[in-house]
Amino acid sequence: MKWPSSRRDFLAVSMLAPAAAPLPQAAEKKPAASSKKAAEPRYRTLGRTGLKVTTVGFGCMTTSDASVIERAADMGINYFDTARGYQGGNNERMVGAALKSRRKNIVLSSKSHGGSREEALKDLDTSLRELGTDFVDIWYLHAKSKAEQVTDELQAAQAEAKKQGKIRFAGVSTHAGQPELIPALAKLKTIDVVLSATNFSLAPEVEGALETAANSGMGVVAMKVMAGGFRRVKPGDPIVERLKRGGAMQAALKWAIRKPFVHTSIPGIMDLDQLDENYAAMTSPLSEADEKVLKAQLEFITPLYCRTCLSCTGACAKGLPVPELLRFLMYAEGYGEFALGRERYLELAPESVAGRCADCGECTVKCPNGVHVATRVARAQELFA
Ligand code: SF4
Ligand code: SF4
């Protein structure tokens with residue numbers, strides 16, 4: 001075995017999902033990193049915003065190399081999503097610098113966790129400063145899972161920011177792809193865009209909810225299209241390839257962007273290889289081989305991937321916030337972002353994560369989606385605690 005040459009590679013190897021039978025191979029050939037684009041990008045209209053966006057956008061959360069963002073914009077990808085919390089608080093600054101000369105040609109979004117008007121608007125001003133721009137095209141109230149979290153006060157803050165020309169459109173993001181939240185947002189009419197988990201593993205109700213939102217005129221942006229990004233380990237693969245590659249990732253992206261209610265998507269892109277692979281997903285069909293790959297991938301990720309349905313909230317005998325812990329574990333194991341996972345873990349109140357699975361007789365959390373909760377939470381504790 002070739003040993004990793006860096007701490008990052010070491011963590012990648014130690015955190016990759018367990019070995020399993022290899023996936024069926026997708027028929028498509030991997031494009032070379034420097035390949036010229038094979039076809040013009042595909043566009044859709046982002047609901048009532050009227051913005052024309054490429055079906056594959058760029059989620060900048062896991063990108064630390066500005067040249068990948070610049071190259072994506074030069075290839076024609078025109079939607080870029082960021083938030084200040086990513087990459088140790090530097091993501092907006094890096095994205096802003098990379099896109100500064102291209103600002104007129106791109107659609108840019110950022111987010112706020114602010115819980116009050118003052119917090120949110122202060123956050124927005126900081127975002128604009130970091131990004132080096134006068135406005136963002138879409139400003140999301142971030143990580144909402146219930147309609148009551150999208151308060152009148154926060155909607156008023158978005159309206160105020162619109163009036164001031166600091167944002168063009170108001171959005172809400174949800175990690176959970178909540179079937180109850182999304183139609184409620186559609187009814188509000190103040191929210192122009194929803195950014196939601198959308199992938200081949202989600203329940204049909206979530207797809208139905210997103211379809212309802214799109215039919216009501218909302219723009220729909222797909223995130224978590226890779227359903228956790230978990231790759232299989234094939235002994236002997238070069239380490240970096242194991243972290244980045246996988247026919248399942250391109251197939252998953254094709255699956256998402258071929259849904260008529262998805263207007264654009266924000267897969268994470270770490271390097272030029274991934275950029276080429278994601279770009280190609282825009283223009284190549286979802287093949288039978290892709291569908292087989294996704295079927296096998298679904299089986300593989302079922303015990304690993306928390307769909308953030310939140311139905312287990314409060315079910316842990318020791319009061320652990322299970323969906324959050326499993327999301328942070330996904331950042332580390334699926335996205336290869338150990339630092340981000342640990343950073344988020346350390347933000348939780350220490351008393352809320354004090355319990356240990358090892359001290360539990362039987363796990364009280366029964367996941368209807370087949371996640372092996374006790375094993376996964378114990379893994380999160382082993383990595384982060
Ligand atoms: S562990 Fe299972 S029940 Fe809990 S949020 Fe995740 S998918 Fe839902
Ligand atoms: S095994 Fe872990 S997740 Fe399950 S109830 Fe006990 S502490 Fe909670």
Side-chain angles (χ1 to χ4, degrees), residues 8-9 11-20 22-23 26 30 56-65 68 81 86-87 91 175-177 195-202 221-234 237-257 265-281 290 293-308 323-344 369 371-372 376 379-380 383:
R8 179 188 175 87
D9 282 347
L11 286 168
V13 171
S14 68
M15 291 187 302
L16 281 164
L23 281 171
K30 188 183 83 181
V56 171
F58 196 136
C60 300
M61 181 173 107
T62 55
T63 314
S64 54
D65 182 351
V68 182
D81 177 77
Y86 305 153
Q87 297 284 338
N91 201 250
H175 286 296
L195 168 60
S196 169
T198 311
N199 61 54
F200 60 93
S201 79
L202 294 181
V221 182
M223 68 171 168
K224 294 191 169 47
V225 291
M226 308 302 185
F230 297 103
R231 277 88 162 158
R232 291 162 189 249
V233 173
K234 281 194 242 160
D237 275 2
I239 288 150
V240 174
E241 287 301 296
R242 281 191 229 168
L243 183 62
K244 296 174 189 162
R245 297 261 70 77
M249 298 304 111
Q250 194 191 53
L253 181 53
K254 287 184 193 173
W255 182 96
I257 63 177
S265 56
I266 54 163
I269 304 178
M270 287 162 79
D271 62 20
L272 294 174
D273 282 337
Q274 276 189 331
L275 174 58
D276 278 350
E277 191 172 274
N278 287 0
Y279 188 97
D290 289 326
V293 164
L294 290 182
K295 196 165 170 245
Q297 181 72 359
L298 185 56
E299 212 171 285
F300 170 59
I301 65 171
T302 292
L304 307 173
Y305 177 55
C306 168
R307 291 146 180 82
T308 331
E324 283 84 358
L325 294 177
L326 298 188
R327 181 153 56 86
F328 306 156
L329 183 60
M330 176 188 74
Y331 291 157
E333 290 193 335
Y335 299 178
E337 290 283 335
F338 169 78
L340 178 67
R342 182 131 205 279
E343 196 181 301
R344 292 289 177 273
N369 294 309
V371 178
H372 291 177
R376 299 298 290 157
R379 176 68 173 149
L383 278 180

Set of residues satisfying salt bridge (charged side-chain N to carboxylate O under 4.0 Å, His left out) with respect to R344, sequence neighbours excluded |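 Once residues adjacent in sequence are excluded, the partners of R344 under the salt bridge (charged side-chain N to carboxylate O under 4.0 Å, His left out) criterion are E347.
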Closest non-hydrogen atom pair, [X] against [Y]:
X	Y	value
R379	L329	CG-CD1, 3.8 Å
V293	A248	CG1-CA, 3.4 Å
T308	P323	CG2-CB, 4.5 Å
I257	A281	CD1-O, 3.5 Å
D290	K254	OD2-NZ, 2.7 Å

List the steps, then state whether side chain to side chain contact (heavy atoms under 4.5 Å, CB included) holds for Q297 with M249.
-> CA-CA 9 Å; Q297 181 72 359; M249 298 304 111; 3.7 Å; yes
Do the side chain of [X] and the main chain of [Y] share a donor and acceptor less than 3.5 angstrom apart?
X	Y	value
T62	M270	no
E333	A380	no
T198	S196	yes
R307	S201	yes

Name all residues meeting the side chain to side chain donor-acceptor pair (under 3.5 Å) criterion together with N369; count only those two or more places apart in sequence or in a different chain, and write none if there are none.
->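 With neighbours one apart ignored, the set is empty.
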In chain order, what residues pass the side chain to side chain donor-acceptor pair (under 3.5 Å) check against N278, with sequence neighbours excluded?
->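 Side chain to side chain donor-acceptor pair (under 3.5 Å) list for N278, sorted by chain: empty.
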Where do F328 and E343 land on the side chain to side chain contact (heavy atoms under 4.5 Å, CB included) test, with the steps shown first?
-> CA-CA 9 Å; F328 306 156; E343 196 181 301; over 6 Å; no
Intermediate values then yes/no, side chain to side chain contact (heavy atoms under 4.5 Å, CB included), M61 and L340 | CA-CA 10 Å; M61 181 173 107; L340 178 67; 3.5 Å; yes
